[in-house]
Amino acid sequence: MKIRHVKAGVFTPVEDVEITTTAPEEGFYWIDADVEDLVLLQPLFSLHDLAVEDCLTEEEQRPKIETYDNHYFIVVNSIRYDDEEIFLRALNIFLGRHYIITVTKQKINELRAVKPILWEQEVSEPDRFLYYLIDLVVDNYFVVGDRIEVKIEKLEEDILMHTKRSHLGEIIGLRSEILWLKKVLGPQKEVINILNKKDLRLIDDQLQKYFSDIYENAVKISENFDTFRELMGNLREAYQSAIANRANEIMRVFTAITTIFIPLTLITGIYGMNFDNMPEIHWKYGYYVVLGVMIALGAGMYYLFRKRDWI
């Protein structure tokens, strides 16, 4: 657990957590805690039992905001895209009048990235800290969306140029991730909308209006993922068309080869009959003539098919 006194964006470490229960003259306290630290923090700040239980549970938490007498409990999902896999990590936030407590089970990049912003903006209020933190969380969805779009474009190019059966698995996997993220974005968008519109006494009225910008970004992200879902449907149709075209190409080649060998098979069948009264069989140059005719016939048909782009 790391405790900092934040004043005008300047961080001052605090050793004794009990000091944070009293409001400082200026600034606020930021407590960056693990879930195990809630055993100590809950009685100090009178954190609600249900909120603490949500932090401790192993199940995936739905983004939400709960308002209690002396604090708010907010859950948002941070997003990461590592090694072609998408991860969501719950960011639990307790917002009080003079403090903000962030509780995570894994490392959250936004908590590190928010520090220079607080310093640059000279932040001294916990609600402004909350605003910049959620703004970073939402912006990272744009970054992940851009990477997904690049992956879709590359997959589309690969399907059109060199279709493989493995592409179907990639399409299904990516589409499942997009649908999963779309499902998560719904409640997260509603949380931001509540921060934008609901009368919340722990958030300054002037600052609350700025959450509308974050909400608009959340709506854009949701619309982007709707577009990605449609593109994945188009990709699947393109894959099926490419496979069908490839099968047609193969069948066309096989048909052309079969067509070429039909007359050759007919000739060999005729001269393979065991009749004695076949003058050509006793002709000195009969074999070479028939063989030449077969070669010329096969070459002529191959040339004709190539000219008409049948093979």
Side-chain angles (χ1 to χ4, degrees), residues 1-4 6 14 17-18 20-24 27-79 88-111 114 118 123 125-138 140-141 183-205 207-208 210-212 214-215 218:
M1 177 170 57
K2 296 180 180 179
I3 309 170
R4 306 175 181 90
V6 184
V14 177
V17 67
E18 293 189 2
T20 62
T21 58
T22 304
F28 65 97
Y29 293 111
W30 172 25
I31 303 175
D32 187 15
D34 297 325
V35 291
E36 295 81 5
D37 300 320
L38 289 173
V39 175
L40 175 62
L41 296 175
Q42 182 178 9
L44 289 176
F45 293 94
S46 300
L47 303 179
H48 199 277
D49 292 340
L50 292 177
V52 173
E53 183 181 344
D54 286 341
C55 294
L56 296 175
T57 183
E58 294 295 330
E59 296 179 1
E60 185 176 302
Q61 286 298 307
R62 177 186 176 92
K64 62 181 178 180
I65 177 170
E66 301 288 349
T67 58
Y68 301 108
D69 292 337
N70 63 334
H71 65 275
Y72 300 155
F73 176 60
I74 304 166
V75 180
V76 292
N77 284 321
S78 170
I79 190 170
L88 289 180
R89 295 181 173 177
L91 174 56
N92 305 293
I93 304 169
F94 293 90
L95 177 68
R97 181 67 66 181
H98 70 279
Y99 65 87
I100 187 167
I101 303 173
T102 54
V103 183
T104 58
K105 295 179 181 179
Q106 302 96 0
K107 291 183 178 180
I108 303 289
N109 291 338
E110 288 84 350
L111 292 176
V114 76
L118 299 180
V123 173
E125 302 83 19
D127 53 351
R128 289 188 66 198
F129 177 101
L130 176 68
Y131 166 75
Y132 289 117
L133 181 59
I134 293 182
D135 189 38
L136 282 175
V137 169
V138 173
N140 271 342
Y141 278 84
K183 183 179 179 181
V184 171
L185 282 171
Q188 186 142 303
K189 185 173 61 176
E190 291 306 314
V191 169
I192 300 171
N193 193 33
I194 292 174
L195 292 171
N196 172 35
K197 292 184 176 181
K198 188 175 180 180
D199 184 19
L200 301 172
R201 57 185 176 81
L202 294 181
I203 298 178
D204 184 79
D205 292 339
L207 177 64
Q208 198 169 9
Y210 286 91
F211 280 99
S212 63
I214 303 180
Y215 178 71

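We count residues from 1, following the sequence as given. Being a predicted model, the structure only gives us computed values, none of them experimental. FYI, side chains are in, hydrogens and waters are out, and symmetry mates aren't considered; it's all heavy atoms of this structure.
Here the side chains of N92 and D54 are not in contact, with every heavy-atom distance at 4.5 Å or above. Contact of the T102 side chain with the L133 side chain is registered, since non-hydrogen atoms from C-beta on lie closer than 4.5 Å. Between V76 and I192 there is no side-chain heavy-atom pair separated by less than 4.5 Å. Within the 4.5 Å cutoff, side-chain heavy atoms of H98 are placed close to those of P24. N70 is not listed as a side-chain neighbour of R97, based on a closest heavy-atom distance of 4.5 Å or more. Counting heavy atoms from C-beta outward, F73 and L50 have side chains that stay 4.5 Å or more apart. A heavy-atom distance below 4.5 Å is found between the side chains of I214 and I134.
The heavy-atom pair separating N196 from F211 by the smallest distance is CA-CB, 3.9 Å. Between P63 and N77, the shortest heavy-atom contact is CG-ND2, 3.4 Å. Scanning all heavy atoms of the two residues, the minimum distance from G96 to P126 falls at O-CG, 3.8 Å. In plain terms, the two heavy atoms of D49 and Q42 that are nearest each other are OD1-NE2, 2.5 Å.
Interatomic distance, CD of E66 versus CD1 of I74, reported as 10.5 Å (0.5 Å rounding). To the nearest 0.5 Å, atoms CD1 (I79) and CD (E110) are separated by 9.5 Å. Here CG of D34 is found 10.5 Å from CD of Q106. Values are rounded to the nearest 0.5 Å. If you take CG on L200 and CD1 on I203, they are separated by 5.0 Å, rounding to the nearest 0.5 Å. Taking CD1 of I100 as the reference point, atom CG of L130 lies at 5.0 Å (rounded to 0.5 Å). Between the OH atom of Y72 and the CD1 atom of I65 there is a distance of 7.5 Å, given to the nearest 0.5 Å.
Although no hydrogens or angles enter the test, the distance criterion places a donor-acceptor pair under 3.5 Å between the side chain of T20 and the main chain of V17. No donor-acceptor pair under 3.5 Å is formed between the side chain of N140 and the backbone N or O of V137. A donor-acceptor distance shorter than 3.5 angstrom exists from the side chain of R89 to the backbone of K107, with no hydrogens or angles considered. Checked by atom type and distance alone, the side chain of D32 never pairs as donor or acceptor with a backbone atom of K2 at under 3.5 Å.
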Hey, mind stepping through D135 and Y210 against side chain to side chain contact (heavy atoms under 4.5 Å, CB included) and telling me if it holds? CA-CA 10 Å; D135 189 38; Y210 286 91; over 6 Å; no
Side chain to side chain contact (heavy atoms under 4.5 Å, CB included) for D127 and L202? Distances and angles first, verdict last. CA-CA 7 Å; D127 53 351; L202 294 181; over 6 Å; no
Please report the C-alpha distance between L41 and M1 in whole Å, then the side-chain angles of each, then the deciding distance to 0.1 Å, and finally whether the side chain to side chain contact (heavy atoms under 4.5 Å, CB included) criterion is met. CA-CA 10 Å; L41 296 175; M1 177 170 57; 3.8 Å; yes
If you apply the rule side chain to side chain contact (heavy atoms under 4.5 Å, CB included), what do you find for V75 with R62, and how did you get there? CA-CA 7 Å; V75 180; R62 177 186 176 92; over 6 Å; no
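The aromatic rings of W30 and F129 sit tilted relative to each other, their planes meeting at an angle between 30° and 60°. A parallel orientation is assigned to the rings of Y68 and H48, their planes being inclined by less than 30° (bins at 30° and 60°).
By the side chain to side chain donor-acceptor pair (under 3.5 Å) test, T104 pairs with no residue at all, sequence neighbours left out. Legend: residues meeting ring pair (Phe, Tyr, Trp, His ring centres under 6.0 Å) with F45, ordered by chain and number and at least two apart, are Y99.
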